[in-house]
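Along the sequence shown, the residues carry numbers beginning at 1.
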Amino acid sequence: MVPFLDLKRQYQPIRAEIDAAVARVFDDTDFILGKSVAAFEAAFAASCHSQHCVALNSGTSALHLALLAVGVQAGDEVITSPSTFVATVAAIDYIGARAVLVDIDPVSYTLDPALLEAAITPRTKAIVPVHLYGQTADLAPIMAIAKRHGLPVVEDAAQAHLALYQGKPAGSWGEIGCFSFYPGKNLGAAGEGGAIVTNDAELAATIRMYRDWGQSEKYHHKLKGFNYRMDGVQGAVLGVKLPHLAAWTQARQRHAALYRALLQSLPGVQLPAEMAWGSPVYHVYAIQVAERDRVKQQLQERGVQTGIHYPIPVHLQPAYADLGYQRGDFPLAEALAERTLSLPMFAELTEDEVREVATALQQVVAG
């Protein structure tokens with residue numbers, strides 16, 4: 001069996017480091033925020049070429065607080081993509097704002113800048129490009145449009161740790177970059193976790209208050225805030241993992257290159273593109289294939305686990321029917337949802353496993 005993801009393989013080689021770091025948290029009873037979280041914030045900010053990092057309890061919280069910090073309010077509009085995990089739109093909804101969706105580019109699967117300007121209205125207050133599957137959105141034209149209209153850009157970089165756009169890290173282009181450290185992410189905690197990065201000291205200070213009940217100092221509540229703090233154990237685990245992230249990323253990129261070499265001539269299969277603008281980090285390796293559900297089932301029968309990211313675009317989810325969109329409104333996002341299939345992708349995959357997956361896929365597609 002080739003697993004879709006195997007976190008045990010990542011944990012075992014660094015188990016002693018993690019155990020020691022977690023033990024220090026307990027020895028110091030440093031359970032909420034504290035030294036381990038502060039050290040991780042400094043290191044992660046540096047990895048993103050950013051001046052500030054604020055660690056949080058989830059990537060969803062990062063998006064929520066980022067939007068609040070840039071001034072989004074109830075009744076406003078925020079532009080984003082229908083091809084994303086639902087948290088992107090949920091964070092907008094938490095504020096009482098409305099998500100305005102723009103279809104994707106058919107090659108990168110990210111928000112199409114050519115469609116962006118037409119979606120801007122007087123109610124638009126922010127743009128949230130989603131760096132899907134570890135591939136950045138085409139940020140230069142997005143940033144240019146945002147600047148022309150005086151709009152902040154909040155990057156949803158939940159799947160894009162260390163991804164590059166024109167040589168500059170994801171998360172460092174907009175006013176704020178938002179990351180998730182859900183365990184299965186390229187940089188994953190031992191539970192829930194997230195963070196924002198920014199070069200704006202005022203935005204960072206505001207988000208630090210929001211995450212801790214709006215406190216400017218203990219029991220002095222300047223804002224109506226939230227309990228969105230990162231706990232010390234997660235800071236400790238992430239602090240151990242971060243120095244390994246570059247090597248893990250390179251391993252993912254090697255696996256992707258091997259998949260491409262083995263599968264590029266396979267009829268009826270569209271492989272993920274590497275856009276000229278950057279360097280993707282392959283949070284997942286998402287192909288497109290006809291009869292996706294049959295292919296998935298037959299791969300499972302051959303011992304290959306796969307995933308689907310995501311089977312239903314946000315605008316067709318029953319929970320977000322109130323956005324008012326219908327099937328056919330975003331044909332490229334809908335086509336992706338019907339055809340996308342994620343092959344096994346994690347740093348510790350072996351070359352033999354990648355070859356086994358490729359052979360199985362070739363057999364299924366040919367059959």
Side-chain angles (χ1 to χ4, degrees), residues 25 30-72 78 87-88 90-92 94-95 126 128-129 131 152-163 169-182 185-218 220-242 245:
V25 172
D30 205 13
F31 298 124
I32 304 297
L33 298 176
K35 294 189 291 294
S36 63
V37 172
F40 171 70
E41 287 175 327
F44 191 67
S47 76
C48 295
H49 297 186
S50 298
Q51 295 178 22
H52 308 279
C53 170
V54 182
L56 301 160
N57 64 339
S58 73
T60 309
S61 297
L63 288 164
H64 182 196
L65 298 192
L67 292 169
L68 285 173
V70 299
V72 176
V78 176
T88 311
I92 299 167
Y94 289 170
I95 300 172
V128 181
H131 303 324
V153 172
V154 172
E155 296 176 63
D156 184 341
Q159 302 181 3
H161 316 72
L162 298 190
S172 66
W173 284 80
E175 276 71 14
I176 302 175
C178 299
F179 292 86
S180 168
F181 305 124
Y182 184 79
K185 292 295 196 293
N186 294 28
L187 179 62
E192 298 283 0
I196 67 92
V197 296
T198 184
N199 288 316
D200 188 313
E202 185 174 346
L203 288 175
T206 297
I207 291 173
R208 287 185 190 278
M209 284 190 285
Y210 271 131
R211 76 172 172 183
D212 191 17
W213 293 111
Q215 295 180 106
S216 55
E217 55 183 296
K218 196 170 183 66
H220 291 252
H221 301 267
K222 187 174 180 179
L223 302 170
K224 292 182 178 179
F226 306 86
N227 184 8
Y228 282 179
R229 300 167 298 198
M230 178 176 282
D231 70 70
V233 168
Q234 305 312 329
V237 170
L238 291 165
V240 169
K241 286 187 171 186
L242 181 57
L245 181 58

Which pairs count as salt bridge (Lys or Arg N to Asp or Glu O under 4.0 Å) when at least one residue sits in [range], sequence neighbours excluded?
{"range": "residues 44-61", "value": "none"}
{"range": "residues 47-56", "value": "none"}
{"range": "residues 231-242", "value": "none"}

For [X], side chain to side chain contact (heavy atoms under 4.5 Å, CB included) partners two or more places apart:
{"X": "Ala236", "result": "Ala21, Val25, Ser36"}
{"X": "His221", "result": "Trp213, Gln215"}
{"X": "Ala90", "result": "Tyr94, Tyr320"}
{"X": "Leu33", "result": "Val37, Arg211, Arg229"}

Determine the minimum heavy-atom distance between [X] and [Y], stating which atoms define it.
{"X": "Ser47", "Y": "Leu162", "result": "O-CD2, 4.0 Å"}
{"X": "Gly174", "Y": "Glu155", "result": "N-OE2, 2.7 Å"}
{"X": "Ala160", "Y": "Ala170", "result": "O-CB, 3.7 Å"}
{"X": "Cys48", "Y": "Phe179", "result": "SG-CZ, 3.8 Å"}
{"X": "Phe40", "Y": "Gly239", "result": "CD1-N, 3.9 Å"}

Rounded to the nearest 0.5 Å, what separates atom [atom1] in [X] from atom [atom2] in [Y]?
{"X": "Leu187", "Y": "Phe44", "atom1": "CG", "atom2": "CZ", "value": "6.0 Å"}
{"X": "Ile95", "Y": "Leu68", "atom1": "CD1", "atom2": "CG", "value": "4.0 Å"}
{"X": "Met230", "Y": "Glu41", "atom1": "CE", "atom2": "CD", "value": "7.5 Å"}

Check whether any side-chain heavy atom of [X] sits under 4.5 Å from a side-chain heavy atom of [Y], and report yes or no.
{"X": "Trp173", "Y": "Pro129", "result": "no"}
{"X": "His161", "Y": "Phe181", "result": "yes"}
{"X": "Ile207", "Y": "Ile176", "result": "yes"}

Would you please name every residue forming a salt bridge (Lys or Arg N to Asp or Glu O under 4.0 Å) with Lys35, sequence neighbours left out?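 Asp28, Asp30.
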Expected list for residues 60-67: side-chain donor-acceptor pairs under 3.5 angstrom, two or more places apart:
| from | atom 1 | to | atom 2 | distance (Å) |
| --- | --- | --- | --- | --- |
| Ser61 | OG | Asn57 | OD1 | 2.7 |
| Ser61 | OG | Ser58 | OG | 3.0 |
| His64 | ND1 | Tyr228 | OH | 2.9 |

Would you mind writing out the side-chain donor-acceptor pairs for residues 188-205 within the sub-3.5 Å range, not counting sequence neighbours?
| from | atom 1 | to | atom 2 | distance (Å) |
| --- | --- | --- | --- | --- |
| Thr198 | OG1 | Glu175 | O | 2.7 |
| Thr198 | OG1 | Asp200 | N | 3.1 |
| Asn199 | OD1 | Gln51 | N | 2.8 |
| Asp200 | OD1 | Glu202 | N | 2.9 |
| Asp200 | OD1 | Leu203 | N | 3.0 |

Can you sort out the partners of Tyr210 under ring pair (Phe, Tyr, Trp, His ring centres under 6.0 Å), two or more places apart, ordered by chain and number?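 Counting only residues at least two positions away or on another chain, Tyr210 forms no ring pair (Phe, Tyr, Trp, His ring centres under 6.0 Å).
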Can you name the side chain to side chain donor-acceptor pair (under 3.5 Å) partners of Gln159, sequence neighbours left out?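 Here the qualifying residues are Tyr310.
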